[in-house]
Amino acid sequence: MPGTKPQYPSEFKAEAVQLVRSSGRSISQIAKDLGVSGNSLRTWIKQAEIDQGKREGLTTEEREELKRLRREVKILRQEKEILKKAAAFFAREDSGIR
């Protein structure tokens with residue numbers, strides 16, 4: 001499927017960021033050597049800086065929590081809609097209206 005992004009393990013990302021910090025080589029060169037895009041590597045570096053408190057933004061942990069909470073809200077909204085329809089159905093049944 002075109003346009004999908006490969007998922008890299010967090011250990012791989014952490015090692016790539018460490019390599020950028022310790023090697024003295026350019027981000028572009030390291031990205032090429034690792035077979036990832038330069039933009040991905042820059043994003044990993046930025047996220048590592050956020051996680052370490054060196055930069056403003058949502059930490060990885062906060063992003064995961066936000067993702068989990070959004071999924072939970074979606075499920076709760078679906079459940080609420082189902083309950084609303086069920087209540088309306090049973091209200092019609094009780095009043096004899098079909």
Side-chain angles (χ1 to χ4, degrees):
M1 179 183 339
T4 60
K5 297 186 294 184
Q7 294 292 319
Y8 296 100
S10 55
E11 297 82 14
F12 177 81
K13 293 177 184 180
E15 288 178 21
V17 169
Q18 186 58 36
L19 187 59
V20 169
R21 291 179 177 162
S22 64
S23 72
R25 295 173 25 212
S26 72
I27 292 172
S28 301
Q29 184 59 48
I30 292 172
K32 183 179 175 185
D33 292 347
L34 295 175
V36 300
S37 75
N39 285 337
S40 291
L41 186 51
R42 283 181 191 85
T43 300
W44 301 344
I45 293 166
K46 178 181 173 185
Q47 189 62 51
E49 290 172 353
I50 292 170
D51 290 346
Q52 294 166 355
K54 297 178 181 178
R55 186 178 210 153
E56 288 292 316
L58 292 177
T59 65
T60 300
E61 186 176 296
E62 291 169 332
R63 286 181 184 278
E64 289 171 3
E65 181 181 15
L66 182 58
K67 194 181 200 180
R68 181 186 60 76
L69 290 172
R70 284 181 175 162
R71 273 194 312 267
E72 189 175 323
V73 166
K74 181 180 177 182
I75 291 168
L76 290 171
R77 285 183 176 151
Q78 290 170 343
E79 290 173 352
K80 177 183 167 191
E81 192 60 35
I82 290 168
L83 290 172
K84 192 188 314 182
K85 289 177 182 179
F89 173 79
F90 288 116
R92 284 194 307 270
E93 284 286 314
D94 287 344
S95 65
I97 303 172
R98 288 186 179 219

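Being a predicted model, the structure only gives us computed values, none of them experimental. FYI, the numbering just counts along the sequence from 1. Because only heavy atoms are used, hydrogens play no part in the values below, and waters and symmetry mates are left out as well, while side chains stay in.
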Separation of Lys80 NZ from Ile75 CD1 (nearest 0.5 Å): 16.0 Å
Other residues, nucleotides, ligands: >12 heavy atoms within 6.0 Å of Gln7 CD: no
Gln78 atom CD, over 12 foreign heavy atoms within 6.0 Å: yes
Distance in Å, Ile27 CD1 paired with Arg42 CZ, rounded so as to fall on 0.5 Å steps: 5.0 Å
Arg77 vs Glu81, salt bridge (charged side-chain N to carboxylate O under 4.0 Å, His left out): CA-CA, chis, key distance, verdict: CA-CA 6 Å; Arg77 285 183 176 151; Glu81 192 60 35; over 6 Å; no
Closest contact, heavy atoms only, Ala48 versus Arg21: CB-NH2, 3.7 Å
Evaluation steps, side-chain hydrogen bond (donor to acceptor under 3.5 Å, both in side chains), between Ser40 and Ser37: CA-CA 5 Å; Ser40 291; Ser37 75; 2.9 Å; yes
Audit row: Leu66, Leu58, side-chain contact (heavy atoms from CB on, under 4.5 Å) steps and yes/no: CA-CA 9 Å; Leu66 182 58; Leu58 292 177; 4.1 Å; yes
Nearest-0.5 Å distance that lies between atom OG1 in Thr60 and atom CD in Glu65: 13.0 Å
Working for salt bridge (charged side-chain N to carboxylate O under 4.0 Å, His left out), residues Glu49 and Lys54: CA-CA 5 Å; Glu49 290 172 353; Lys54 297 178 181 178; over 6 Å; no
Shortest non-hydrogen contact from Val20 toward Ile45: CG1-CD1, 3.7 Å
Side chain proximity check, Glu79 to Ile82, heavy atoms < 4.5 angstrom: no
From OG (Ser22) to CD1 (Ile30), nearest 0.5 Å: 7.5 Å
Heavy atoms of other groups near Arg70 CZ, more than 12 under 6.0 Å: no
Distance, nearest 0.5 Å, that separates CG of Leu19 from CZ of Arg25: 6.0 Å
Note, Glu15 side chain near Pro9 side chain (heavy atom, < 4.5 Å): no
Lys/Arg-Asp/Glu bridge criterion (N-O < 4.0 Å) met for Arg68, Glu72: yes
Test item: Val36 and Trp44 side chains (from C-beta on) under 4.5 Å apart, heavy atoms: yes
side-chain hydrogen bond (donor to acceptor under 3.5 Å, both in side chains) evaluation trace for Arg63 with Gln47: CA-CA 11 Å; Arg63 286 181 184 278; Gln47 189 62 51; 3.1 Å; yes
